[in-house]
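Data first, discussion second: the structure below is written as structure tokens.
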Amino acid sequence: MLIPPNPDTPLVKIENASKCFGDTIVLDRINFSAKKGDFVSLVGPSGCGKSTFLKLIAGLHLASEGSVTIDGLDPKNAREEMAFIFQDANLLPWRRVLSNVELSSQLRGVSKRKRQETAREVLELVGLSHALRHFPWQLSGGMKMRVSIARALTLSPKLLLLDEPFGALDEMTRDKLNEDLLRIKARDGWTAFFVTHSAAEAVFLSNQIIVLSAKPGRIAEVINVKLPAFRDADLRETSEYLRQVANVSRSIRKAH
Amino acid sequence: MLIPPNPDTPLVKIENASKCFGDTIVLDRINFSAKKGDFVSLVGPSGCGKSTFLKLIAGLHLASEGSVTIDGLDPKNAREEMAFIFQDANLLPWRRVLSNVELSSQLRGVSKRKRQETAREVLELVGLSHALRHFPWQLSGGMKMRVSIARALTLSPKLLLLDEPFGALDEMTRDKLNEDLLRIKARDGWTAFFVTHSAAEAVFLSNQIIVLSAKPGRIAEVINVKLPAFRDADLRETSEYLRQVANVSRSIRKAH
Amino acid sequence: APTEQVSSTNGLVKVTLQTDWYAQAEHGGFYQAVAEGYYEDFGLDVTILPGGPNAMAAQKTATGKVEFAIGRADDVVLQASNGVPILIVGSFMQHDPQAILLHEESSVNNFEDLDGRSVMTTPGAAMIKYLEKRFDITIETMPVDYGMSRFLADKEFIQQCFITSEPYYIRKEGANPKTLLIADSGYDPYRVMYTSKTFAQKNTDVVKAFVEASVKGWKSYIAGPRDKANEVIAKGNPKMTEEFLSYSLNAMIENQLISGYQDEDQTGLIDPDRMQALIDDLFLLGVIEKKVFSRDLAPISFLPEYLQEMIDLD
Amino acid sequence: MNKLKAIFLPFISGILLLGIWYSVAFVYAKNEGYEVQRIVIPFPHQIVEALWDERAILWIATRQTAFAALVGFIAAVTFGYVLSMLLASAVWVKRSLYPWILVLQMTPVVVLAPIFVLWIGQGLPSITAITFMIGFFPVVANTTMGLISTDRNLIELFEMSNASKTQEIAYLRVPYAMPYFLTGMKIAGTLAPIGAIAGDLFAGSSQGGVGGIGFMVILYNSQVKVPELFATAFVACFLGFIFVGCVNWLHWMLLKNWHESVRATDIE
Amino acid sequence: MNKLKAIFLPFISGILLLGIWYSVAFVYAKNEGYEVQRIVIPFPHQIVEALWDERAILWIATRQTAFAALVGFIAAVTFGYVLSMLLASAVWVKRSLYPWILVLQMTPVVVLAPIFVLWIGQGLPSITAITFMIGFFPVVANTTMGLISTDRNLIELFEMSNASKTQEIAYLRVPYAMPYFLTGMKIAGTLAPIGAIAGDLFAGSSQGGVGGIGFMVILYNSQVKVPELFATAFVACFLGFIFVGCVNWLHWMLLKNWHESVRATDIE
Ligand SMILES: Nc1ncnc2c1ncn2[C@@H]1O[C@H](COP(=O)(O)OP(=O)(O)OP(=O)(O)O)[C@@H](O)[C@H]1O
Ligand SMILES: Nc1ncnc2c1ncn2[C@@H]1O[C@H](COP(=O)(O)OP(=O)(O)OP(=O)(O)O)[C@@H](O)[C@H]1O
Ligand SMILES: [Mg+2]
Ligand SMILES: [Mg+2]
């Protein structure tokens with residue numbers, strides 16, 4: 001990580017936060033802090049509250065109890081610094097791929113020329129240069145998700161929230177994007193919360209992994225990934241990596 | 001497999017089928033036959049035409065050239081024998097989980113008591129017994145997919161088409177459902193086409209794997225999986241299994 | 001369907017009269033004939049059907065929905081000449097109460113002064129065409145809104161009225177109206193009773209009975225007493241007051257609308273010459289397209305004998 | 001947005017509008033005199049007074065108009081709904097019928113009224129028919145739009161289940177079109193009372209001295225009773241509010257579990 | 001459904017309707033005589049004849065009504081659209097205004113017309129205002145429904161982008177509500193000509209020659225010129241078809257790329 005994390009000021013601070021929908025407790029007294037530059041993965045069984053966790057950080061859900069702060073601010077006031085890749089692609093059906101990707105920067109008032117340029121770049125990155133003029137209904141499931149990823153990557157946020165962004169992609173694209181993500185992170189130095197179902201992916205990307213247990217969602221374990229800060233495709237071949245993946249896998253199964 | 005496949009009568013026969021959307025050729029001269037009882041996995045890069053492939057078999061898309069027949073029939077006339085799990089969950093937003101699952105059998109005229117019973121059973125299977133009365137918007141992404149899977153499992157089709165059904169699920173649930181699927185197949189003896197991004201899953205489930213290459217979608221390779229007909233969780237530990245997974249992985253990467 | 005066979009109960013022939021507005025003193029004679037039993041005396045059981053803004057009296061008569069209807073002679077002539085199979089069988093007002101309503105303060109004092117002004121009246125009204133031609137003026141029209149608030153709010157506003165009706169309310173609102181009776185301009189249609197041609201052919205006696213009883217009713221309504229009739233009118237029109245009824249009646253008497261300007265009581269009379277003159281006027285004005293004759297549209301044969309005789313004397 | 005506020009806000013804006021109304025009427029009265037003001041723009045309290053004074057007769061008229069409006073409204077909604085399903089059932093049906101439905105809708109009431117009166121009779125039957133004519137098209141236009149907007153993916157789901165056209169319509173398109181249908185119904189609801197009043201004007205019958213609100217409108221108009229005239233408008237609005245209120249309630253009941261319009265914000 | 005069929009089908013059904021019409025009229029004439037038939041249910045060719053005979057005067061009347069309808073329609077659509085956005089912009093705005101918009105919509109034209117005439121003058125201004133009054137609510141009801149139905153997930157997307165309320169409306173809610181808006185516009189389109197005719201009835205003026213179609217309706221009605229009356233209905237329908245045609249074209253242009261209603265089947 002190029003920007004050294006400052007251990008004194010947690011960027012994201014979750015204190016005793018719970019979330020209920022009606023009578024059901026979805027998240028139960030969560031405590032967690034993430035420092036600047038952290039890459040935190042969230043794993044856990046389906047329906048355990050991972051998306052809800054991210055939405056609490058984003059301020060899209062309000063904690064029923066406890067508090068969530070970003071850099072000391074209420075999440076709603078820190079949106080300028082955040083980007084969110086939703087579990088669904090959430091594309092605007094009336095916009096072509098290119099202008100769907102432009103949306104985020106357009107809403108932030110970036111000039112047309114500039115945002116088109118960025119949009120083209122990130123679409124290149126996710127391998128969709130050939131589909132700029134497609135409408136969402138003309139895309140495959142994986143392509144839609146890639147448009148959504150591209151849209152978030154047009155921003156330079158301090159905090160990136162990713163909800164299973166690569167779930168619908170083939171292994172190769174997924175691996176490539178994992179590597180790209182680390183590269184961009186090294187360049188831009190943001191902090192990330194990342195939901196995934198793949199232990200391998202979690203280990204490859206993160207320095208911390210939160211394992212959630214279900215009903216109600218609680219932090220079962222926080223795993224510190226002890227791998228070098230600089231990681232590339234070669235890491236996947238190392239035995240240390242494979243050991244840690246197996247390790248995380250075991251933790252997830254235990255939390256089930 | 002309990003019902004021995006009859007090598008003389010292919011259940012699904014795809015002859016020289018192509019699919020174009022406007023000017024773009026998505027699938028290019030596909031030839032493939034599946035015998036009764038086959039479990040065929042489809043793998044390939046995002047956007048290569050896997051979903052289109054399934055929809056051709058289902059008769060939801062018409063081949064621009066060539067032909068597709070099910071048991072000698074036009075796919076549209078063979079729908080009674082088919083079930084399709086779509087890439088999106090496609091739940092009816094105004095129905096609760098239980099009645100969403102009932103839908104398929106309701107449309108086929110099954111009595112209310114009978115279909116409710118079946119629906120409860122399959123919801124138990126996918127681990128959603130606690131959410132019977134939820135509406136779709138109250139479900140997590142993975143839960144929605146599980147409802148969709150449950151809906152298809154209420155039927156007893158001859159041909160099952162599954163489009164990345166387990167992509168949004170955690171490893172444990174996924175493994176469990178894989179095993180359940182094989183169990184049900186052994187009982188009911190259907191034929192399946194299964195889209196996945198996981199080589200491991202493909203090997204675990206199939207006896208044939210079609211590797212598609214992209215732009216335009218062509219069959220790059222058809223891999224015969226040489227594993228015993230009876231498979232359970234233990235198989236995953238065998239070295240023969242792991243070898244074949246690595247093998248398929250390589251093929252996918254080559255086809256990219 | 002034009003009733004060919006009339007139904008009868010207790011020996012009385014059932015017929016319906018369609019009026020052109022809600023129950024009011026201007027229909028008084030018919031109500032009088034009902035209330036005083038004149039129709040029964042002539043073997044008729046008459047139901048009066050009040051009209052309204054869209055009474056469609058001619059259509060209903062022609063199609064046999066009702067047996068009799070009333071209207072202004074020029075309208076009926078126009079309708080008949082347009083091919084509606086109806087026949088004028090008698091009159092009940094010698095002169096039409098239609099007038100131009102003005103404020104006392106208005107700069108308009110006679111018909112000539114209407115030149116270039118806007119008048120709220122029925123679009124395409126023949127009387128406006130007559131005034132335009134007779135006095136060589138132009139008048140703009142706007143459709144009636146059935147109200148007088150615009151008149152009251154604007155001292156120069158001009159609208160059509162019945163001298164028997166609107167001025168009463170205008171006075172009540174504290175304004176001073178003046179009127180120009182259209183009949184005074186030389187355009188002087190009767191108000192008439194009519195029926196369908198088929199009905200008249202098949203039921204000559206019924207028609208004659210109806211006309212005679214109605215005329216009797218009118219004479220009696222003008223002469224009084226008329227309490228029973230007024231009671232029926234008030235029942236059919238919830239806003240009707242004793243005071244207003246007597247205002248209308250007085251206006252009818254004062255202006256000799258029912259009996260006519262002659263010394264002799266002409267109630268019910270149709271003078272073929274006067275009718276033909278009206279028809280000729282309408283033809284000259286271009287309101288009707290082909291020449292028709294009073295004897296075809298308004299045969300006098302349905303009038304009571306004594307009225308027919310009056311014509312012969314002329 | 002709590003319930004108190006929900007009542008409070010239209011109340012506040014109502015007071016405001018009332019204030020404006022009073023000021024305008026007052027200024028007018030100052031310039032033109034109170035007598036003219038009363039017949040041009042009466043004070044609200046004069047309208048309330050008129051409403052009270054005329055309550056007996058207005059009550060009778062209102063009952064008749066309400067009845068015609070109700071029957072016309074129900075007919076418009078039912079018929080519009082069924083017709084939409086028919087239109088959505090096959091393209092050729094729509095192609096063949098839609099233009100003629102438009103013709104029906106666009107033929108002015110003044111022209112239709114005489115035909116109605118001659119064919120189905122003066123009074124209530126015709127008034128109801130006119131109310132129906134005025135209200136049914138918004139239901140058809142909206143419902144049809146909803147039915148043909150149904151999500152393609154869900155239609156594929158039904159196709160895969162070999163669903164019959166009837167099943168597709170009943171279990172998929174109809175619920176999907178519900179928000180559209182309810183909007184059409186809301187429009188029909190606001191049109192029903194004014195339709196019944198127009199019907200009264202064009203095909204009403206005052207036989208027996210009882211007409212509907214339209215009858216009273218003409219009477220008040222001919223007697224320069226302007227506050228009373230406004231009172232009839234008040235009654236018309238009141239009727240309309242009842243219809244719209246019922247539709248809103250239905251909207252809430254039918255959609256509360258799943259549709260954005262009721263989940264997201266509160267409904268109108 | 002090819003283009004030929006698209007023209008062919010309404011043509012076929014038209015012929016059919018014409019046939020029915022002729023038969024009914026014929027049977028009626030046989031029973032009641034041709035004179036009565038002509039004023040109850042004229043033969044279509046008599047209507048065409050009337051249209052031809054009266055073409056000169058109808059042309060002038062049509063021009064005036066078309067103008068009023070057009071201006072009223074544009075005003076209704078524009079104002080309705082803007083108002084809906086205002087209503088959707090904040091719950092308190094909607095709470096405060098919506099009931100009074102309903103009141104405006106539900107006040108009968110007969111009551112409003114004299115006020116309009118008094119305040120904005122006889123003739124075109126008032127006719128236009130009445131047309132507007134009749135057409136704006138369907139636009140408001142539909143557009144508002146569309147605006148508040150917007151997908152919650154997309155709204156969260158906008159929230160995350162710190163989008164201003166204006167941006168949310170402009171880039172998300174407005175396009176999302178477009179199918180609803182267009183439906184409202186279609187309803188307003190069918191109402192515009194009949195609104196202009198009703199306006200003519202209540203606030204028209206013969207200034208500068210003849211009045212609009214409404215004038216002609218009164219005239220023909222009072223003279224029992226029934227074929228001519230039907231001819232005016234024909235003109236009204238014709239005007240309506242032009243409006244609806246334009247809206248359909250707009251619908252196709254705006255939604256063809258993405259919305260089910262135009263992708264799935266062809267539009268009405
Ligand atoms: N209606 C359409 N019009 C034009 N192109 C289309 C249409 N539907 C699909 N495509 C194109 O067809 C290709 C294959 O789509 P398909 O959905 O079959 O991909 P896939 O293999 O299922 O991908 P994924 O793994 O991402 O789901 C894509 O490139 C897509 O852009
Ligand atoms: N609006 C809601 N009302 C009621 N329950 C809800 C609501 N939203 C979510 N839930 C419940 O909260 C739980 C957690 O949902 P969440 O989407 O956070 O799961 P998740 O961990 O992201 O699952 P997945 O991996 O399947 O996406 C689920 O059990 C879901 O049913
Ligand atoms: Mg989730
Ligand atoms: Mg796919």
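- Contacts between C:S81 and chain E at a heavy-atom distance below 4.5 Å are absent for every atom of the residue.
- Interface residues of residues 217-224 of chain E toward chain C, defined by a heavy-atom distance below 4.5 Å and sorted by number: E:I218, E:L219, E:N221, E:S222, E:Q223, E:V224.
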Item to check | Verdict with supporting geometry, C:V84 and E:E35, side-chain contact (heavy atoms from CB on, under 4.5 Å) | outcome: CA-CA 6 Å; C:V84 184; E:E35 274 176 334; over 6 Å; no
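- Shown here for C:T63 and E:Y28, the closest heavy-atom pair between the two residues is CG2-OH, 3.8 Å.
- More than 12 heavy atoms of other residues, nucleotides or ligands sit less than 6.0 Å from atom CZ of C:F162.
- Atom CG in E:D200 sits 13.5 Å away from atom CE in C:M142 (nearest 0.5 Å).
- Crowding of E:F67 atom CZ: a count of heavy atoms from other residues, nucleotides or ligands under 6.0 Å not exceeding 12.
- C:K291 NZ: more than 12 foreign heavy atoms inside a 6.0 Å radius.
- Between E:F202 and C:P143, every side-chain heavy-atom pair lies at or beyond the 4.5 Å cut-off.
- Side-chain contact check for C:Q79 versus E:K225: every heavy-atom pair is 4.5 Å or farther apart.
- For C:L284, the side-chain contact (heavy atoms from CB on, under 4.5 Å) criterion is met by no residue, not counting sequence neighbours.
- In this structure the side chain of E:V40 never reaches within 4.5 angstrom of the side chain of C:Q59, judged on heavy atoms.
- At most 12 non-hydrogen atoms from other residues, nucleotides or ligands lie less than 6.0 angstrom from CZ of E:F26.
- E:F238 CZ: 12 or fewer foreign heavy atoms inside a 6.0 Å radius.
- Heavy atoms closer than 4.5 Å to chain E are found nowhere in C:V76, neither backbone nor side chain.
- For E:Y81, the ring pair (Phe, Tyr, Trp, His ring centres under 6.0 Å) partners are E:F181, not counting sequence neighbours.
- Annotation: side-chain hydrogen bond (donor to acceptor under 3.5 Å, both in side chains) contacts of C:E173 (sequence neighbours excluded): D:R38.
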